[in-house]
Amino acid sequence: QVQLAESGGGLVQAGGSLRLSCAASGSFVSINTMGWYRQAPGKQRELVATITSARRTNSADSVKGRFTVSRDNAKNTVYLQMNSLKPEDTAVYFCYAELRMAWDGNWSGYWGRGTQVTVSS
């Protein structure tokens, strides 16, 4: 069993900051890519930012210069530091991780349940 536990969402005014965290736990032996996606009401889920085990990052153009993804491999945790937040950043933010399972050695993708981020104007 695998769990991705997200925290750090909430309500913030435009221009403010939030930091999301996501810790992976369960029966896996290694983690490759971790990251964040978001889904706003009436829209499809979209990439926010990802980071590989080698700390190579990828992020959406809409958040470059404002959001920073990082990870702590010792804690199996990925972070998303969000600065200069805008109302259009309002969405449910989902954690994602590629995990190598202990029981068969295969890689599988897992999602967290999501955490709400609301930016007021």
Side-chain angles (χ1 to χ4, degrees):
Q1 187 174 0
V2 170
Q3 183 179 14
L4 298 180
E6 300 140 326
S7 62
L11 173 64
V12 65
Q13 288 187 333
S17 298
L18 283 174
R19 188 192 195 210
L20 306 183
S21 300
C22 172
S25 61
S27 301
F28 57 88
V29 295
S30 59
I31 306 176
N32 188 10
T33 299
M34 301 185 81
W36 297 91
Y37 290 71
R38 67 186 181 186
Q39 187 167 16
K43 295 187 177 181
Q44 290 188 335
R45 190 172 298 188
E46 63 177 6
L47 167 75
V48 178
T50 59
I51 182 168
T52 68
S53 56
R55 289 185 168 78
R56 179 174 294 180
T57 62
N58 180 42
S59 61
D61 289 343
S62 60
V63 306
K64 285 181 178 176
R66 300 188 298 123
F67 293 9
T68 302
V69 62
S70 61
R71 65 191 282 171
D72 184 332
N73 289 335
K75 297 181 179 179
N76 295 329
T77 299
V78 62
Y79 305 96
L80 184 68
Q81 178 66 44
M82 304 185 292
N83 298 328
S84 302
L85 281 159
K86 305 175 180 180
E88 51 263 44
D89 295 318
T90 295
V92 178
Y93 284 68
F94 295 90
C95 175
Y96 173 80
E98 293 176 352
L99 308 174
R100 188 169 189 174
M101 298 293 100
W103 57 82
D104 62 5
N106 289 331
W107 290 94
S108 297
Y110 285 84
W111 294 92
R113 293 185 175 182
T115 184
Q116 177 69 46
V117 171
T118 302
V119 184
S120 63
S121 57

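In this chain, numbering begins with 1 at the start of the sequence shown. What you see is a predicted model; the values in this text were computed from it and never measured.
Within the 4.5 Å cutoff, the side chain of Phe28 has no heavy atoms near those of the Ser108 side chain. Inter-residue side-chain proximity for Asp72 and Tyr79 is flagged as met; some heavy-atom pair is nearer than 4.5 Å.
Atom CZ of Arg56 has 12 or fewer neighbouring heavy atoms from other residues, nucleotides or ligands inside a 6.0 Å radius.
Atom-to-atom distance recorded for Arg19:CZ and Ser7:OG is 9.0 Å, nearest 0.5 angstrom. Note: Leu20 CG to Phe67 CZ = 8.5 Å, rounded to the nearest 0.5 Å. Atom CH2 of residue Trp107 and atom OG1 of residue Thr33 lie 8.5 Å apart, to the nearest 0.5 angstrom. To the nearest 0.5 Å, atom CD of residue Gln3 and atom SG of residue Cys22 are 9.5 Å apart. Atom CD of Gln39 sits about 8.0 Å away from atom CD of Gln44, to the nearest 0.5 Å. Annotation: the span from Ser70 atom OG to Ile51 atom CD1 amounts to 6.5 Å, rounded to 0.5 Å.
Among residue pairs with one or both ends in residues 76-87, none qualify as salt bridge (charged side-chain N to carboxylate O under 4.0 Å, His left out); sequence neighbours excluded. Pairs passing the disulfide (SG to SG under 2.5 Å) check and including a residue from residues 37-69, sequence neighbours excluded, do not occur. The list of disulfide (SG to SG under 2.5 Å) pairs with a residue in residues 34-84, not counting sequence neighbours, is empty.
Residues forming a side chain to side chain donor-acceptor pair (under 3.5 Å) with Glu46 (at least two apart in sequence, or on another chain): Arg38. With sequence neighbours excluded, the residues satisfying side-chain contact (heavy atoms from CB on, under 4.5 Å) with Lys64 are Ser59, Asp61. Every residue meeting the side chain to side chain donor-acceptor pair (under 3.5 Å) condition with Asn73, not counting sequence neighbours, appears here in chain and number order: Arg71. A search for side chain to side chain donor-acceptor pair (under 3.5 Å) contacts involving Arg66 returns Asp89, not counting sequence neighbours. With sequence neighbours left out, Gln81 forms a side chain to side chain donor-acceptor pair (under 3.5 Å) with Asn83. Under the salt bridge (Lys or Arg N to Asp or Glu O under 4.0 Å) criterion, Arg113 pairs with no residue, sequence neighbours left out.
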Give every donor-acceptor pair under 3.5 Å between a side-chain atom in residues 114-121 and any protein atom, sequence neighbours left out.
from   : atom 1 : to     : atom 2 : distance (Å)
Thr115 : OG1    : Gly9   : N      : 3.4
Gln116 : NE2    : Ala91  : O      : 3.4
Gln116 : NE2    : Thr118 : OG1    : 3.3

Please set out all donor-acceptor pairs under 3.5 angstrom arising from side-chain atoms of residues 98-105, sequence neighbours excluded.
from   : atom 1 : to     : atom 2 : distance (Å)
Glu98  : OE1    : Asn32  : ND2    : 3.3
Arg100 : NE     : Gly105 : O      : 2.9
Asp104 : OD1    : Asn106 : N      : 2.9
Asp104 : OD2    : Asn106 : ND2    : 3.2

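Of all heavy-atom pairs between Leu4 and Ala24, the closest is CD2-CB, 3.4 Å.
Chaining together hydrophobic side chains whose heavy atoms lie under 4.5 Å apart places Leu47 alongside Tyr37, Val92, Phe94, Tyr96, Trp111.
Note on Val78: it clusters hydrophobically with Val2, by side-chain heavy-atom contacts below 4.5 Å among ILVMFWY residues.
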